[in-house]
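Down below is the structure, laid out as structure tokens.
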Amino acid sequence: MVAQNLLQIKSELPAHVQLVVVSKTKSNVQILEAYATGHRDFGENYVQELVDKAALLPKDIRWHFIGHLQSNKVKYIAPFVHLIHGVDSFKLLKEINKQAAKLNKIIPCLLQIHIAEEETKFGFNETELMSMLNCEEFKALENIRIIGLMGMATFSNVEEKIVNEFKIVQILFQNLQLNSEMKDFNTLSIGMSSDYKIAIRYSSTLVRIGSAIFGSR
Ligand SMILES: *Cc1c(COP(=O)(O)O)cnc(C)c1O
């Protein structure tokens, strides 16, 4: 079923939309089932779980960290993480830069924008985002590369609500693409199992899908 669901969803995605298979709580056996289809991008949202899985699973998997990342845990994933989606504070970004510098590498990151109603979801608001992007200390960070934005809509059945939230991050994304000095700013990570089809209408370039592939948790 896993392979079948994955291939079905992939075949329906527009060519410019990347798929990250969200494998949190799933076993290595289930992940390997997805891997066997040729898929290589997987997303996890707990550091320990990610570190354990990465140690055992094939080395050509591109691991996306999609959860809320605590600064003191950056060091555990910095050596191998492919993209950090949920950067939600300047403090965290500075720590990622520091750990990447130690490894003499550049870590690609997405800035998470708070669009949902739920206070439990993380992210910058527009004012915080702009003030960080405009400060000299941010511009001096040499070991991170901001390649786009990430957002999570409110968990809701009301499509209009989800649409309004995706529009906020879409407009911000498009403005930054035109007006900021960030190079390679081309990734908009919005859309999960329940709302990825809507997200694609609002410029998503990367969807993060778990339960529609593995079955509900
Ligand atoms: C769990 C999770 C997903 C995937 O959710 P599904 O509803 O299972 O597709 C996507 N993004 C984040 C940040 C998640 O934590």
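Atom set for the values below is all heavy atoms of this structure, side chains included, hydrogens, waters and symmetry mates excluded. As the structure is a computational prediction, the values presented were derived from the model and not from experiment. Counting starts at 1 for both ligands and their atoms, following the listed order.
A 6.0 Å sphere centred on CG of N72 holds more than 12 heavy atoms belonging to other residues, nucleotides or ligands. Applying the 6.0 Å contact sphere to CG of N104 captures no more than 12 heavy atoms from other residues, nucleotides or ligands.
Judged by the 6.0 Å distance and 45° axis criteria, R62 is not positioned over the aromatic ring of F42.
Counting only non-hydrogen atoms, the option in G215, S23, S193, G191 that gets closest to atom 6 (P) of ligand 1 is S193. Compare R208, M192, K24, H68 by their heavy atoms: the one nearest to atom 14 (C) of ligand 1 is in K24.
Counting the atoms of ligand 1 from 1 in the order shown, those under 4.0 Å from a heavy atom of I209 are 9 (O). Of all atoms in ligand 1, listed by their number and element, those nearer than 4.0 Å to a heavy atom of N45 are 15 (O). Set against the non-hydrogen atoms of S211, the atoms of ligand 1 under 4.0 Å away are 6 (P), 7 (O), 8 (O), 9 (O). Atom numbering of ligand 1 starts at 1 in the shown order; those under 4.0 Å from a heavy atom of G210 are 4 (C), 6 (P), 8 (O), 9 (O).
Taking the six-membered ring for Trp and the full ring otherwise, the centers of F185 and F173 sit less than 6.0 Å from each other.
K59 contributes a side-chain N or O that, together with a main-chain N or O of A55, makes up a donor-acceptor pair within less than 3.5 Å.
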Start with the C-alpha distance between L188 and Q174, add both sets of side-chain angles, then the distance that settles side-chain contact (heavy atoms from CB on, under 4.5 Å), and finish with yes or no. CA-CA 10 Å; L188 181 57; Q174 291 173 341; over 6 Å; no

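Note: no N/O pair closer than 3.5 Å links I66 and ligand 1 by distance alone.
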